[in-house]
Structures are given as C-alpha cells and as structure tokens.
Participant: 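Here it is, the structure in full.
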There are 2 protein chains.
Amino acid sequence: MSPSAKSDRRFEFRLDLHSGVPVYRQIIDHVLGGISTGSLKPGDQLPTVRQLAVDLAINPNTVVRAYRELEIREVLTTQQGTGTFITDKKPRVNEVERQRRVAQLAGELLARAGAEGITLQELLDYFTELQNEPNRRT
Amino acid sequence: MSPSAKSDRRFEFRLDLHSGVPVYRQIIDHVLGGISTGSLKPGDQLPTVRQLAVDLAINPNTVVRAYRELEIREVLTTQQGTGTFITDKKPRVNEVERQRRVAQLAGELLARAGAEGITLQELLDYFTELQNEPNRRT
DNA sequence: GACAGTGTATTATAAGACTAGTACACTAGC
DNA sequence: GCTAGTGTACTAGTCTTATAATACACTGTC
C-alpha cells in the first residue's frame, strides 16, 4: 500500500503491560533498541503522538513524555506541525573505549540473566530472531 | 570461615535501580531464578526481611511484599519467629513468563546499546567471540 | 484564508510503588 | 522469664506513572 521512500515498513511498537515497567519507559527503550538493531535510522519519522497513543491504547500524554525525554537526550527532534524524527547520529568515541563498553554491557546482561536462570543461548536465540523479523508481532 | 551446613555461600541479591522494574518484582524474579539455577534448594533459608532491606537499602515493607507474593505462589513458607524458607514444591516454570523476561532483558540491553550508538551486530560479535573463547579475559 | 494534521501545555484525578514509623506476635536460646 | 531475632500488621505520606479533558501553536496543502 504505502509507497513510502525511506523505510517502507512502519516501526512497530510492542508493549508488555504485565512487566511492571512504565509504559513511557518501554517506548524509550524501544526507540533506542530500534536504533541499535538498525530498524530506525537518522531522518526516519516516528509515529505521531496521537497515532501511537491509539495503536498502543494509551494516553497521548504518555507518548509525549517518552518523546520528550528522547528529545532531551538528543535522540530525536520534534518539529511542531510536522512530526518527530530520529536525529543524525553523534560522533562515536574511540574504538577502544567503545569495545570496552560493549564488554561491559554484555557482562551486565549475562550477570543478571544468569541470576535468573536465563542462558546466553536463550538470549542469542531471541536476538537472531529479532534480526530476521525486526518488526514481528506477538 | 563460616561453618554453615547447608549452603555455605549466602544467596546474593542484586538490584538494578535503573531498569524501571519494581524492586519487589526484581526480588521475586531473583528468588525464582535462584531456584531455577539450583543455587536455592528446598529448605534453604532466605535472608531475613530486615537484613535484606538493609543490604538492598530499601524498606522492609518492600521485602515483605515480595516474600508474601512468593508465599502465595507456594514458592516459600514463612515461620513467624524463625525465618523464611524455600518450599519443596517447585515453582511452575511457565515458559511464557520466562520468554517475557528474556525479551525484557534483551530489550534493556538494546536500549542501553542504542543510546550509545552501539549496534546489535557488535554485541552479537562479542557474544559469539565469548562462546568461542570462554576463558578469555575482558 | 481555511483546514487537517502535527506537537505543546495545562489542570485534575487516580492508582501503584515505596518509604517511615510504630506496634504486635511468635520462636529459640539463655 | 527474659531477650534477641524473626515475621506480621497498620497507618500515613510521598513520589511516580498514567489517565482524562481541554486548549493552544505551528506547518503544509488546498
């Protein structure tokens, strides 16, 4: 249907209402995650405040809160009357620092997952599934 | 040093105050995970309400809430005046809940990564490297 | 200019998570 | 019995999260 130019597929949001994690927080994480996986690129437009509120069956104010926080972090920019877009990426830090950070993040994940009896393999399975079907629905 | 009988090592709790997950939920997940991995066995005593509250720098009421919920699920039993212990009954693993937790942990990682411009691919590379050289130092 | 669609701002309300403080009840060891 | 240590109960209050409703401001298109 939509003959869009940039990203044909819409960026799909998913919420877990039973997780205990605040909804606005889930939206933030989802956008950041989208950047990490590459399904969101600089210049991409995000769903409008009202549209996302309808899709997720939540209050527009909650979407606003998430978007605003991301804007403060310079992850996205808003243009009143137009929409909300992913910012051009900031310059990366040096490679050594970067690699150290990767190891740190990975280590933290494994520690927490391990404490809950979740294996690396399970996580890897999830990630690869994400790569194959980036916008999958539950 | 400690001449304990059953489990020499204390069961260690860790909180992630930045995850957005309610503290009492984290405690619950932690206990369930401990049972899942085998570090908590039937009959093991959990930290006392007051002690855990001190360790985690939280209110005793929050610990009580977590313990009570686990007691309702028959994961543990409390003996007033004595302590809190793991039940014989094994908690149902509930694959759905577990998968949700996997998605949650993975989502957090991706969010943190994305916030720093780290891609999923970089993380995957690191993980596979880990699997191939499990003895390597960070 | 009119209008539809966008983001923004404001106020009020409610529920949940957590803290603080106090008091009570039970158990084991002396 | 006394005491220290355990779980339990209760009330009150704060902060966070989310909703509801309304109004305003800006942009692009016709």
Side-chain angles (χ1 to χ4, degrees), chain A residues 2 4-6 10-11 13 15-31 43-87, chain B residues 2-6 10-11 13 15-31 43-87 104:
Chain A
S2 72
S4 107
K6 237 162 195 166
R10 287 209 329 273
F11 185 61
F13 281 83
L15 288 185
D16 185 349
L17 295 177
H18 303 290
S19 69
V21 180
V23 172
Y24 84 97
R25 187 58 195 273
Q26 292 187 48
I27 296 175
I28 292 174
D29 286 353
H30 212 254
V31 170
D44 278 357
Q45 179 170 10
L46 288 169
T48 70
V49 169
R50 289 174 179 80
Q51 186 59 52
L52 186 54
V54 170
D55 289 348
L56 300 180
I58 60 177
N59 194 284
N61 291 334
T62 305
V63 180
V64 168
R65 176 167 184 184
Y67 280 6
R68 181 179 303 145
E69 199 155 314
L70 285 169
E71 190 183 12
I72 292 174
R73 292 208 228 166
E74 297 183 336
V75 173
L76 48 81
T77 58
T78 59
Q79 298 177 12
Q80 191 164 324
T82 309
T84 306
F85 304 86
I86 303 289
T87 318
Chain B
S2 68
S4 111
K6 236 162 194 167
R10 288 207 328 273
F11 186 61
F13 281 84
L15 289 186
D16 186 348
L17 296 176
H18 302 291
S19 69
V21 182
V23 172
Y24 82 98
R25 283 285 287 263
Q26 293 189 47
I27 296 175
I28 292 174
D29 288 340
H30 218 76
V31 172
D44 278 358
Q45 179 170 10
L46 287 170
T48 70
V49 168
R50 289 174 179 79
Q51 186 59 51
L52 186 54
V54 170
D55 287 349
L56 299 180
I58 60 177
N59 194 282
N61 292 333
T62 305
V63 180
V64 168
R65 177 169 184 182
Y67 280 7
R68 181 179 303 145
E69 200 155 312
L70 285 169
E71 190 182 12
I72 291 174
R73 292 161 76 166
E74 297 183 341
V75 174
L76 47 82
T77 59
T78 59
Q79 298 178 13
Q80 190 164 324
T82 309
T84 306
F85 305 87
I86 303 290
T87 323
Q104 196 173 339

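All chains are named by letter (A, B, ...) in the order of the sequence lines, taking the proteins before the strands, and each is independently numbered beginning at 1. Quick caveat: nothing in here was measured; it's all calculated off a predicted structure.
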Participant: Using the side-chain heavy atoms of B:T48, tell me which of these nucleotides is nearest: D:dG7, D:dT27, C:dT8.
Facilitator: D:dG7
Participant: Can you check the B:N59 CG to D:dC15 P distance for me, whole Å?
Facilitator: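 Computing the B:N59:CG to D:dC15:P distance gives 15 Å.
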Participant: Calculate, to the nearest 0.5 Å, the distance between atoms CG and CZ belonging to B:L46 and B:F13 respectively.
Facilitator: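 So the CG of B:L46 and the CZ of B:F13 are separated by 6.0 Å.
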Participant: Specify the separation, in whole Å, of atom CD of A:Q51 and atom P of C:dA4.
Facilitator: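 Those two atoms, CD and P, are 17 Å apart.
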Participant: For side-chain contact (heavy atoms from CB on, under 4.5 Å), just list the numbers for A:L56 and A:I27, CA-CA rounded to whole Å, side-chain angles, deciding distance to a tenth of an Å, and then say yes or no.
Facilitator: CA-CA 10 Å; A:L56 300 180; A:I27 296 175; 4.3 Å; yes
Participant: Would you mind telling me which residue lines up with the more 5' stretch of DNA chain C, A:E71 or B:T82, judged by nearest nucleotide?
Facilitator: A:E71
Participant: Would you kindly compare A:Q79 and A:I58 by the position of their nearest DNA chain D nucleotide and give the one closer to the 5′ end?
Facilitator: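 Closest to the 5' end, via its nearest nucleotide, is A:I58.
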Participant: What is the minimum heavy-atom distance between B:Q26 and B:V21, and which atoms define it?
Facilitator: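 Reported closest heavy-atom pair: NE2-O, 2.9 Å.
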Participant: Find the distance A:D29:CG to D:dT17:P and express it as a whole number of Å.
Facilitator: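 From A:D29 CG to D:dT17 P: 13 Å.
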Participant: From C-beta outward on A:Q80, which listed nucleotide comes closest to its side chain: D:dT27, C:dG7, C:dA17?
Facilitator: C:dG7
Participant: Is the backbone of B:T87 close enough, under 3.5 Å, to the side chain of B:E74 for a donor and an acceptor to pair up by distance?
Facilitator: no
Participant: Measuring from A:R65:CZ to A:N59:CG, what's the distance to the nearest 0.5 Å?
Facilitator: 12.0 Å
Participant: Salt bridge or not between B:D29 and B:R25? Use side-chain N to carboxylate O under 4.0 Å.
Facilitator: no
Participant: Return the value, rounded to whole Å, for the distance between atom CG of A:L52 and atom P of C:dG5.
Facilitator: 18 Å
Participant: Nearest whole Å is fine: how far is C:dC18 C1' from B:L17 CG?
Facilitator: 12 Å
Participant: Within the pair B:T78 and D:dT8, is there a side-chain N or O less than 4.0 Å away from OP1 or OP2?
Facilitator: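 B:T78 to D:dT8 OP1/OP2: side-chain N or O found under 4.0 Å.
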Participant: By a strict heavy-atom criterion of less than 4.0 Å, which residues belonging to residues 63-70 of chain A are in contact with DNA chain D?
Facilitator: A:R65
Participant: Taking atom types as they are modelled, is there a donor-acceptor pair under 3.5 Å from the base of C:dG5 to the side chain of A:R50?
Facilitator: no
Participant: When you check the phosphate oxygens OP1 and OP2 of D:dT19, does a side-chain N or O of A:T62 lie under 4.0 Å from one of them?
Facilitator: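 Answer is yes, contact under 4.0 Å.
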Participant: Compare side-chain N and O positions of B:T84 against OP1 and OP2 of D:dG7 and report whether any pair is under 4.0 Å apart.
Facilitator: yes
Participant: Could you tell me how far apart A:H18 (NE2) and C:dG16 (C1') are, to the nearest whole angstrom?
Facilitator: 16 Å
Participant: Assuming nearest nucleotide by heavy-atom distance, tell me which of A:Y24 and B:N61 is located more 5' along DNA chain D.
Facilitator: B:N61
Participant: Rounded off to whole Å, could you give me the CD1-to-C1' distance for the B:I27 and C:dC18 pair?
Facilitator: 11 Å
Participant: Round to a whole Å and report the spacing from CD of A:Q45 to P of C:dT6.
Facilitator: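 Interatomic distance, CD of A:Q45 to P of C:dT6: 8 Å.
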Participant: Judged by modelled atom types alone, do A:E71 and A:T78 share a side-chain donor-acceptor pair under 3.5 Å?
Facilitator: yes
